[in-house]
Amino acid sequence: MPNFTRITEFILSGFSDTQELQTLCGMFFLVMYLEVLMSNFLIIILITLDLKLQTPMYFFLKNLSLFDIFLVSVPIPNFFFNSLTHRNSISMLGCAFQILFMTSFSASETLVLTAMSYDRYVAICCPLHYELIMSSRTCVLMMCVSWATGLLIGNLHTAGSFSMNFCGSNVILQFFCDVPSLLRISCSKTLVITYTSLGLGMCIGMFCFICVMISYFYIFSTVMKISTTKSQSKAFSTCIPHLTVFTIFIATACFVYLKPPSKTPSVADKLFSVLYTVLPPALNPVIYSLRNNDIKYALRRLQQNLCSRGSLHLTLQRIC
């Protein structure tokens, strides 16, 4: 009969046992975290304030930035705090919340990216019916489905993960709690709930991937039929950033979750976990702002409004 010891907390191994390197890693992640916050908040502010960006595409982009902020805010602040205090423990409840929120926001972000591909399909392939199909009601409904499905996946993953028994080591060879890491230290032989939740997540991921591929097949087929090069470039400029973001997000997530769990994760496992959690939220605003003229013009308009208000305030002060 195996001797089960009740585990009340886990130890996150992080990237190094050396305190100096832990502090260095923590500062690096803090800089990345602040960059993600500022750039994504800037996207949200621009889309909210600029009347010319009140379209379905930017509605989804604003929600994508919101999910990016939520996603990166789950593991990074805790990792930064642990790196400075050199205390790498996390409670059972804290680990459960990390898995719940990470899986929920990841699933929701995947669905939002899928909705964005459908929006681009309708805009390019059915332009005359765009306003009718992509109405405000439809966009809000898509977002509600994304939130609800993400929460469902998150709850299933959390329930499956903590229905397992943990015996022996309580060390998680990762810098945050995730399902593959918990599978490594589990001694349960029956993992029906865990693999059911993973299977459901894979099915939803495959469904989203197929939908995006079908959308872009029709999009590229339609764009190639356009006679003018300028119109083709304009159509590609709205699609390529989204396809790039989706590819990065799905590719890194697949490596993390589809790779069979091993007892000793490699450096590549930790590296891809960093890419999966930090890289997409950091790159999304950069990709969209660099290739999107509407965002650039909105930023210029915001700067001009702020400058004009500042000059008006100074003028009033001089008069008074």
Side-chain angles (χ1 to χ4, degrees), residues 9-15 22 25-41 43-44 62-85 87-113 146-162 172-183 197-198 201 204-205 245 248-250 252-257 265 269-285:
E9 65 177 16
F10 297 102
I11 304 298
L12 301 173
S13 66
F15 297 97
Q22 288 178 3
C25 289
M27 296 304 297
F28 172 75
F29 273 83
L30 176 63
V31 172
M32 291 292 295
Y33 180 62
L34 293 176
E35 187 275 330
V36 169
L37 289 184
M38 289 188 294
S39 57
N40 281 285
F41 271 125
I43 294 290
I44 293 172
K62 180 169 70 173
N63 282 276
L64 179 67
S65 294
L66 191 63
F67 280 125
D68 282 338
I69 292 172
F70 288 155
L71 181 62
V72 80
S73 295
V74 176
I76 303 305
N78 181 72
F79 175 73
F80 172 69
F81 178 77
N82 288 343
S83 299
L84 293 185
T85 59
R87 182 180 178 274
N88 297 330
S89 62
I90 185 172
S91 65
M92 183 80 76
L93 183 62
C95 187
F97 274 118
Q98 278 199 345
I99 291 180
L100 172 64
F101 291 134
M102 286 289 290
T103 52
S104 296
F105 296 143
S106 298
S108 297
E109 183 159 336
T110 305
L111 289 165
V112 171
L113 289 168
S146 300
W147 275 101
T149 306
L151 288 173
L152 174 64
I153 295 297
N155 279 284
L156 285 174
H157 272 75
T158 307
S161 299
F162 289 91
I172 294 178
L173 302 176
Q174 191 56 270
F175 73 99
F176 66 95
C177 287
D178 62 348
V179 178
S181 298
L182 291 180
L183 284 172
S197 61
L198 287 173
I204 293 177
V245 169
I248 294 172
F249 187 75
I250 290 295
T252 52
C254 285
F255 185 90
V256 173
Y257 285 98
D269 292 333
K270 293 185 178 183
L271 177 61
F272 272 90
S273 295
V274 174
L275 296 179
Y276 165 65
T277 54
V278 179
L279 187 63
L283 287 183
N284 287 357

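None of these values were measured; they are calculated from a predicted model. One is the number of the first residue; the rest follow in order along the sequence.
In this pair, Phe175 and Phe29 present their aromatic rings tilted. The plane angle is within the 30 to 60° band.
Checked against ring pair (Phe, Tyr, Trp, His ring centres under 6.0 Å), Phe67 has the following partners two or more places apart in sequence or in another chain: Trp147. Listed by chain and residue number, nothing satisfies the ring pair (Phe, Tyr, Trp, His ring centres under 6.0 Å) test with Phe80 (two or more places apart in sequence, or in another chain). Looking at residues two or more places apart in sequence or on another chain, you find no side chain to side chain donor-acceptor pair (under 3.5 Å) involving Thr110. Applying the side-chain contact (heavy atoms from CB on, under 4.5 Å) criterion to Ser65, with sequence neighbours excluded, gives Asn40, Ile43, Ile44. For Ala96, the side-chain contact (heavy atoms from CB on, under 4.5 Å) criterion is met by Thr158, Phe162, not counting sequence neighbours.
Of the possible donor and acceptor atoms, none in the side chain of Ser39 sits under 3.5 Å from a partner among the backbone N and O of Pro285.
The distance from atom SG of Cys95 to atom CG of Leu100, rounded to the nearest 0.5 Å, is 11.5 Å. With rounding to the nearest 0.5 angstrom, the CG atom of Leu151 is 11.0 Å from the OG atom of Ser146. Rounding to the nearest 0.5 angstrom, the gap separating the CG atom in Leu152 from the OG atom in Ser108 is 10.5 Å.
Looking at every heavy atom in both residues, Ser89 comes nearest to Ile11 through CB-CD1, 3.8 Å. In terms of heavy atoms, Leu111 sits closest to Ile204 at CD2-CG2, 4.4 Å.
Under the 3.5 Å distance criterion, with hydrogens and angles disregarded, a donor-acceptor pair is assigned to the side chains of Asn284 and Asp68.
Side-chain contact check for Leu30 versus Phe28: every heavy-atom pair is 4.5 Å or farther apart. A 4.5 Å side-chain heavy-atom check between Leu182 and Phe10 finds at least one atom pair inside the cut-off. Between Leu64 and Glu109, the closest side-chain pair of non-hydrogen atoms falls below 4.5 Å. Side-chain contact between Ile90 and Gln98 is present, with at least one heavy-atom pair separated by less than 4.5 Å.
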*asked:* Assess the residue pair Leu12 and Cys177 against the criterion (side-chain contact (heavy atoms from CB on, under 4.5 Å)); give the C-alpha distance rounded to whole Å, side-chain angles, the decisive distance to 0.1 Å, and a yes or no.
replied: CA-CA 8 Å; Leu12 301 173; Cys177 287; 4.2 Å; yes
Side chains of residues 70-77: which donor-acceptor partners sit under 3.5 Å, not counting sequence neighbours?
unit_1, atom_1, unit_2, atom_2, d
Ser73, OG, Tyr33, OH, 3.0
Ser73, OG, Ile69, O, 2.6

